[in-house]
Amino acid sequence: MTTPLTNTFMEGGKELGFDNIDCNGGKEEGFCHAQFNTANGVRCSTFHGFLKPAMGRINLHVSTESVATKIIMQGRQAVGVEFIRDGRKHRVHTAKEVIISGGSVESPKLLMLSGIGPKKHLNSLAIPVVADLPVGENLQDHLVLGLAHCINQSISITLEKATSLSSMLQYQILGTGNMFQNLVSLQNIFGDEVIVVDNHFDIQCNFKCNISKTFFQVSEKYYHCSGEGFVNLVVLLHEKSRGTITLQSTDPFDPPLIGPNYLEHPDDTNTYIKGIRTHQKLMATSAFRKLGITKQEPLSACSDHVYDTDEY
Ligand SMILES: Cc1cc2nc3c(=O)[nH]c(=O)nc-3n(C[C@H](O)[C@H](O)[C@H](O)COP(=O)(O)OP(=O)(O)OC[C@H]3O[C@@H](n4cnc5c(N)ncnc54)[C@H](O)[C@@H]3O)c2cc1C
């Protein structure tokens with residue numbers, strides 16, 4: 001699905017010498033229309049795609065509103081899971097194995113609560129150690145920097161347009177329109193000059209045809225922005241910095257401590273700067289200049305540095 005803004009993005013890419021590509025095709029470097037798994041204008045979630053069709057199986061039991069609090073261990077083997085539902089503790093035992101899929105933050109937390117983690121850290125919380133392993137020591141979070149610009153044309157998807165009665169009706173009846181476009185009008189660029197090693201791409205940009213209400217409120221003061229605009233999300237793909245997940249207590253309902261360590265590795269900073277410079281070149285193309293885009297204003301928090309230098 002295309003919009004005037006996504007077309008601008010593709011045109012700007014061409015001006016910079018990038019091909020328009022199929023980002024799930026053989027070539028990854030270039031500009032493409034983002035691809036999503038959707039049905040009737042709704043993004044297909046894991047639940048709808050995989051779980052719902054399997055709900056009738058007799059060997060599948062799903063317990064909702066349940067929080068796993070511990071993996072039950074027998075020696076060094078996982079034999080079940082302890083969980084809390086409606087304030088009551090339950091235990092289920094397995095015939096074969098336990099698969100943890102609590103996400104990249106909660107999975108290490110559950111492992112550590114179960115005694116699988118760095119010995120020193122578990123000892124500090126008096127958790128009996130089952131296996132001394134570097135759980136939580138390899139967090140790799142893709143840092144995202146949103147570079148937002150206001151424009152002087154009415155071609156983005158503002159909150160007012162997306163939530164207007166006609167948009168809602170169009171979405172409900174046909175599964176199309178501004179509400180749907182808000183979902184699909186993302187595109188990617190895989191940077192050229194930001195390739196460092198291993199033949200992989202280090203930067204991805206996701207282009208969104210709207211600006212957030214918060215940005216709009218802040219930027220209105222500086223830019224006299226009408227609410228029309230876009231955001232280019234510059235994403236670091238292969239960061240070398242490593243963060244940590246640790247427990248703050250033995251209470252399974254306490255969130256863990258996240259130490260992201262963003263940009264700790266100097267290569268990450270350098271790659272990020274190249275990504276931002278590519279964004280600036282894109283904004284300088286005639287395709288984008290036609291939109292009357294606003295410039296980024298210097299941030300007062302960074303006033304120690306000269307604006308638009310690498311140090312800034
Ligand atoms: C903003 C954002 C945008 C993204 N966009 C994309 C994209 O466009 N394409 C793409 O491919 N990927 C995308 N990703 C990445 C993708 O979402 C993740 O890689 C994926 O969801 C990981 O799946 P998972 O099952 O491991 O964990 P999750 O999806 O995090 O699922 C973990 C689940 O476990 C539950 N849980 C956690 N702890 C417990 C517990 N103790 N007891 C019971 N339940 C528990 C959580 O509530 C959650 O429902 C995006 C991620 C983010 C944050």
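Remember, predicted model here, so these are calculated numbers, not experimental data. Side chains are part of it too, since the values below use all heavy atoms of this structure and drop only hydrogens, waters and symmetry mates. Ligands are counted one by one from 1 in listed order, and the atoms in each one are counted from 1 as well.
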Considering heavy atoms of the protein only, find what lies nearest to [atom] and give residue, atom and distance to 0.1 Å.
atom	value
atom 10 (C) of ligand 1	Arg43 NH2, 5.0 Å
atom 38 (N) of ligand 1	Glu106 CB, 3.3 Å
atom 26 (O) of ligand 1	Gly103 CA, 4.0 Å
atom 32 (C) of ligand 1	Ser101 O, 3.3 Å
atom 40 (C) of ligand 1	Ala68 N, 3.6 Å
atom 36 (N) of ligand 1	Gly102 CA, 4.1 Å

Can you classify the ring geometry of Tyr307 versus Tyr312 as parallel (below 30°), tilted (30 to 60°) or perpendicular (above 60°)?
perpendicular
Angle between ring planes, Phe9 versus Phe288, binned at 30° and 60°: parallel, tilted or perpendicular?
perpendicular
Would you verify that at least one protein heavy atom lies under 4.0 Å from [atom], or report that none does?
atom	result
atom 22 (C) of ligand 1	no
atom 42 (N) of ligand 1	yes
atom 5 (N) of ligand 1	no
atom 34 (O) of ligand 1	yes
atom 47 (O) of ligand 1	no
atom 18 (C) of ligand 1	no

Return yes when atom CZ of Phe253 has more than 12 non-hydrogen atoms of other residues, nucleotides or ligands closer than 6.0 Å, and no otherwise.
yes
Shared hydrophobic cluster for Leu113 and Val92 (ILVMFWY, side-chain gaps under 4.5 Å):
yes
Is it true that a side-chain atom of Asn261 and a backbone atom of Arg242 form a donor plus acceptor pair closer than 3.5 Å?
yes
Using heavy atoms and a threshold below 4.0 Å, how should the contact between Ser66 and ligand 1 be classified: side chain, backbone, both, or neither?
backbone
Touching ligand 1 at all, Leu110? Heavy atoms, strictly under 4.0 Å?
no
State which residues pass side chain to side chain contact (heavy atoms under 4.5 Å, CB included) with Tyr262; sequence neighbours excluded, sorted by chain then number.
Asp141, Leu143, Pro260
Heavy-atom side-chain proximity of [X] to [Y] below 4.5 angstrom:
X	Y	value
Thr244	Leu139	no
Met55	Val62	yes
Thr285	Glu11	no

